[in-house]
Amino acid sequence: MSNTYEVIVVGAGSMGMAAGWHLAQRGVRTLLVDAFHPPHTLGSHHGDTRIIRHAYGEGRQYVPLALRAQQLWLELQVEAGTQIFAQTGVLSLGRAGSPFMEEVVRSSASFDLPLEVLDAAEIRRRWPGWRLPDDYVGSLETSSGVLFSEHCIRAMRRLGEARGMQVLVNTPVDDIRVDGQGASVRAGLSVYTAERVIVTVGAWAKRLLAAAGLDVPVLPMRKVIAWFECDEDLYGAAEFPAFTCETGKAHYYGFPSFGGTGIKVGRHDGGQAADPDTMERTFGAYPEDEGDLRRFLQDFLPRANGRLITGKTCVYTMSPDEHFIIDRHPERPQLLFACGFSGHGFKFASAIGEVLAQLAVADRAELDVSMFSLRRFQPL
Ligand SMILES: Cc1cc2nc3c(=O)[nH]c(=O)nc-3n(C[C@H](O)[C@H](O)[C@H](O)COP(=O)(O)OP(=O)(O)OC[C@H]3O[C@@H](n4cnc5c(N)ncnc54)[C@H](O)[C@@H]3O)c2cc1C
């Protein structure tokens, strides 16, 4: 096999696999290189499910990206002939007047998205599994729901490979060089060359991009998720929407039970700063791994506070302002990178892959991603 490509994607997880899928659709000669065997359980994409929401509490600038991503996920589902999305709806909960809840409503109004605003009494009536204080409100978006993240990556990989995309697994890249001639990527004793390189290595971004001369301010955080036995009539996917719940002190999220899997919950804020190579990967190593999630269940979802079925650790890659970083090297534009997805990137992966493919092939993207520039962190 020749070692020369038009584009090399380093890191074939959520964003990298999506970029490869789009490049392959465009007939671009592409190599993806991953340290492991994606989908896998050592990065940020495992644990079965990810929420996709369109009205966006983190900022209405994300809405066009969310809508494009939803459209692409649905196209992927049809083309792959496998279920990657379940339209469970998503219920965003929080205290009335919280900035997050206000932005959910404002972003839906700005883009004319269907959103039902409900008070606590109405939420308790519709979903008796919720125990909710009276000063909470909810926004229900029925058009959104749950992505089966590992199925998404598997589907993009299969369709990309069918169009000639090459994937090199269990091959950690240790150096990237870019000069006037193009880019070269070194993995052990092998060197691969291309006109462009896209770096999407998730929690490993700081280290690998430093080798390419970039200082990217991201911090990996250890996170946990767990599944609990619950009352299936109350919390099954046919009845119960995926949710986010901001309590003022913490921000939780969760998924209904899919055919008896149990309710899955996680906490969006908090976690432990970690090195992805040495991080404690055992769920339960810290008492708060289970204890914190149980407290939330006890207070808000008491009939889902059953036996622990299983728990897993995963990793977020935080940027300082929790917005993404998508940019190119300031002096060597053949090098593109995307990282710092701060625990809310998966839903957008299908669209970010498209953006990266467009930037690699045509130097410009149809969606405006300028708010994700690395320059925002650099002093003027
Ligand atoms: C518990 C949890 C819950 C989440 N929930 C949601 C949610 O509900 N909705 C949502 O939108 N987002 C959610 N997210 C966030 C989302 O999953 C991430 O933002 C997204 O997966 C990040 O994608 P990535 O491509 O940056 O990282 P990854 O998918 O981890 O991909 C990075 C890849 O790079 C590879 N790599 C690393 N180093 C090298 C190297 N040197 N050489 C070659 N390859 C390398 C890795 O093996 C990996 O495959 C959640 C994340 C976690 C952890």
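Order of listing sets the numbers, starting from 1, for every ligand and every atom in it.
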Protein contact to atom 39 (C) of ligand 1 [nearest heavy atom, distance to 0.1 Å]: Val201 CG1, 3.6 Å
Ile52, portion touching ligand 1 at heavy-atom distance under 4.0 Å: neither
ring-ring contact (aromatic ring centres under 6.0 Å, His included) partner of Phe300, the single match among Tyr136, Trp127, Tyr252: Tyr136
Structural part of His344 in contact with ligand 1, heavy atom criterion under 4.0 angstrom: backbone
Proximity flag Cys339 to ligand 1, non-hydrogen atoms under 4.0 Å: no
Test log, rule salt bridge (charged side-chain N to carboxylate O under 4.0 Å, His left out), inputs Lys347 and Glu58: CA-CA 13 Å; Lys347 65 181 76 58; Glu58 291 85 342; 5.6 Å; no
Protein contact to atom 31 (O) of ligand 1 [nearest heavy atom, distance to 0.1 Å]: Gly13 CA, 3.3 Å
For atom 3 (C) of ligand 1, the protein heavy atom that lies nearest, with its residue and separation: Tyr253 OH, 3.3 Å
Whether over 12 other heavy atoms sit under 6.0 Å from Gln181 CD: no
Salt-bridge present (Arg222, Asp289; N to O < 4.0 Å): yes
Arg364 CZ: over 12 foreign heavy atoms closer than 6.0 Å: no
Ligand 1-proximal atoms of Val315, by part, heavy-atom distance under 4.0 Å: backbone
Location of contacts on Pro38 toward ligand 1, heavy atoms closer than 4.0 Å: neither
For ligand 1, the portion of Phe346 having any non-hydrogen atom under 4.0 Å away: both
Shortest protein heavy-atom distance from atom 53 (C) of ligand 1, along with the residue and atom involved: Cys314 SG, 2.7 Å
Atom 40 (C) of ligand 1 - nearest protein heavy atom and its distance: Val173 N, 3.7 Å
